[in-house]
Asks: 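Have a look at the structure that comes next, please.
Counting begins at 1 with the first residue of the sequence. All ligand and atom numbering here is 1-based and tracks the order in the structure.
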Amino acid sequence: PFLENVIADETFRSGQAHTKLIDTKTELFQFKRRRDRATRTLAYLSDITLNGNPTAKGWKPAAVMQEAVVPRSLVIEHQAKVPRGSRDVLLELGPEKFAEWILAEKRLLITDTTFRDAHQSLIATRMRSFDMLRVAEAVAHRTPELFSLEMWGGATFDTAMRFLSECPWDRLRRLREKVPNICFQMLFRGSNAVGYSNYPDNVVAGFVKHAADSGMDIFRIFDSLNYLPNMTVAMEAVRDHGKAICEAAICYTGDISDSRRDKYSLKYYVEKAKEVERMGAHMLCIKDMAGLCKPHAAWKLVDALKQEIGIPVHFHTHDTSGINAASVLAASKAGVDVVDLAISSMSGSTSQPNLNSVAAALTGTGRDTGLDFDSLNEFSDYWEQVLAFYQPFDSAPRSGTAEVYEHEMPGGQYTNLREQANSMGLGHRWREIARTYAEVNQLFGDIVKVTPSSKVVGDMCMFLVTRGMKAADVPKLKPGSMDFPESVIDMLSGGLGQPDGGWPEDVQKVVLGNRTATTKRPGELAAAIDLEATRTELASKLGRAATDDDLYSHLMYPQVFADFTAFRAKYDDLSGLPTPAFFYGLHIGEEIEIEIDTGKILIIKLISIGEADSAGRRALFYELNGMPRESVVLDKS
Ligand code: 3PY
Ligand code: ZN
C-alpha cells in the first residue's frame, strides 16, 4: 500500500520526486484507513452477495448487470463553462424580483422531477445518489433552460438513510456542487417537515435554515389537510433566510368540474391561493398529488388563478390516469408559469407526465421551452438503463387507470398500499380496498389526502378491510369500543391540524372515546426543543461533535438516524458502490470499481466463494486492485 501511495502521488508522478518526499508527505502513510475501508467494503459485499439485501426482497439479477452507459454527449469536458441558469437569475435578482422574472417569461418553464417525485412515485423512492451524480453535471450543461430540479424532500430524506444508507445532506451538497446553475427545489410538509407527524416550530424553522444554507433554493410547502396555519412557520423561515423562494402549495382534490363535489370548488382554491399570497408566498403551487385535475379543470383553475393572484403559478400533477399531459398543456394554454414533468423513461403512470413529449408538443408555439431534444432523449436512455437496477421496487401500474378518480390516492401512496395489500395476501381484493379507501375519505368528511393524511386514510382502510368491516359501520359503534390505529386517533384528535369544515363529530366520538380533541395549531402545543442540549446529548452518543446534518437528521428520525450511523460505523460510506453491487452483491467473476476518495479507486473482483465451516461461515475470495483478499461472513441461509 505504501508503494501504491508513492506511485499515485502527484509529485512522484510529475517526476519531481526527491529524497525528502517521504518526510514531507504524511499522506503517503495513510494506507491504513484505505485498507480499512476496503476491508469494510468487502465485508458488506460479502454479506449482500451471500445473504441478500433485505430491502431488495431477495431479488437477484440472473446475470451481471452492466453499468448504465452515460451517452458521450452527456460527458462534460472538465473545463467547460457552466451555462447560465435559473439559479444565477435568482442569486442576481433575489426572491421578489425573481418572481417577477418568472411572470415575464413567455416560455413554459419546467421543473424536472426525475431526482425526487418521479422515483418516489415509481420505485418507492429508492434512487441512489450514485445514479444521479453520474449525470448531474450533464443536466447543468445540457438542460440549463430548466426552471428547477426537484431533487430533495418528501420521502427522500428518510429513505436515503433507511434503505440506501446515505446521508441526505450529502446528496444535497454533492448535487449542488455539480449543478450550480439550476434552482434546486424540495418538497416540505409544512409542520411535518420531511416527516410524518408534527415537529416543534423551532425544529421546523431550524431545518429550513439548514437546508437553505446547504444549497436549497425553492421550498414547496404544503399541509396535508390544506390547513394553512400549519404552513406559517416554514413559510416565514424561508422568507427570513432571504435568498430562498417560498412556494406555498395548495393541494388539489375532488373535481372542480363536478358540481356535486362542492366542498372543493373553484372558489375554494382561489380563496386559499389568495390567502397564501397574503401570507407571503413568492409563488403558488397547485399540488395535484393524485393526478385528479382533469384537462378542463386545469384550464379553468389556472385561468382563474392568473386573474385573481399576482404571484407565479406552478402546476404539479401525476399521470396516474394517463391523461395528465393534457392537463399540463391545458394549464400552459391558460398561462401557467411553471409545470412539473419527468424525463420520458421516468415519467407516466404514478409519476409526472412526460417532459420530453410535452416539450416537443410546444415546439414552435409561443410557449416553446427552449430545451434540447437530443439531450432530453439521451437522459431518457440513461434513466431507462438505470431503472433496470431497481426492478424489485418497481410496482407502478403499466398503464393509466381511471380508478384514480374514485380512490384519489396520491401517486406515491398507490404503489405502497398495493404492495402492502399484496404482502398481506389481499392483492386479489384490490378493488375492494380502493373502494374502501374512498369510503374512509367520505367517513372523515372528504379530506385532502396527501402525506401524512393519506397514510391515515390508508391505515383506516386496511384496518376495516382486514376486519371485514365497512366504513359505514363505524359511526354506529359505541364510542371507545374499538382500538383504532394510533394514526387515526391522532388525526381525529387534531394532531395534524384541522380540515376545512372540521371532523365529523359522530366519527370523532367513536374513534376518540374519552380522549379529548384540540382545534389548536399542533405546533402551538409542541414545546420548543433545546437544540444545543440535543446537540450535546447527540455528540456524546456519536462520540464526536454533532454537526447540523446530524442534529436535524436525528430530530426528524431518531431511530433511523441511529441505525444509519451504526451502519456507517460498520461499513463506512458505501454511496460510491455501483447500484447493482449495493443492492444485490456480486456474481462470481464480476468486477467493479469504486472511488473511495478523490482519485482513489478500488477495483474489486469476486473470484470464488468457499464452503461453509462448522459455524456456517464462508470465505469469499476477491482480487482487490490485483491482490488476493479474503472476507469471511456468516451465511444466514
Ligand atoms: C410527499 O409528501 O412525499 C409527497 O410526495 C406528497 O405528494
Ligand atoms: Zn407529487
Asks: For the pair H407 and Y437, name the ring-plane relationship: parallel under 30°, tilted 30 to 60°, perpendicular over 60°.
Replies: perpendicular
Asks: So that I can tick it off, tell me whether E275 and R278 are bridged by a salt bridge, with the cut-off set at under 4.0 angstrom between side-chain N and carboxylate O.
Replies: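 So R278 pairs with E275 through a salt bridge.
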Asks: Do K306 side-chain atoms and A334 backbone N/O form a donor-acceptor pair below 3.5 Å?
Replies: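 Flag not set: sc K306 to bb A334 has no pair under 3.5 Å.
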Asks: Can you name the residues that come within less than 4.0 Å of ligand 1, going by heavy atoms only?
Replies: R116, Q120, G154, A155, L187, R189, F222, K287, M289, V450, T451
Asks: Do the side chain of S454 and the main chain of K449 share a donor and acceptor less than 3.5 angstrom apart?
Replies: no
Asks: Is the Lys NZ or Arg CZ of R128 less than 6.0 Å from the centre of F582's six-membered ring, within 45° of the axis?
Replies: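 R128 over F582 ring: yes.
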Asks: My understanding is that only one of E150, H314, H316 makes a side chain to side chain donor-acceptor pair (under 3.5 Å) with T111; could you say which?
Replies: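 Single pass found, and it is H314.
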Asks: Between D255 and K294 (salt bridge meaning N to carboxylate O under 4.0 Å), is one present in this structure?
Replies: yes
Asks: Below 2.8 Å, which protein N, O or S atoms neighbour the Zn ion (ligand 2), ignoring water?
Replies: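 Checking every protein N, O and S atom gives D117 OD2, H316 NE2, H318 NE2.
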Asks: How far does OG1 of T125 sit from CZ of F163, to the nearest 0.5 angstrom?
Replies: 8.5 Å
Asks: Judged by modelled atom types alone, do S380 and S345 share a side-chain donor-acceptor pair under 3.5 Å?
Replies: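 S345 and S380 do have a side-chain donor-acceptor pair below 3.5 Å.
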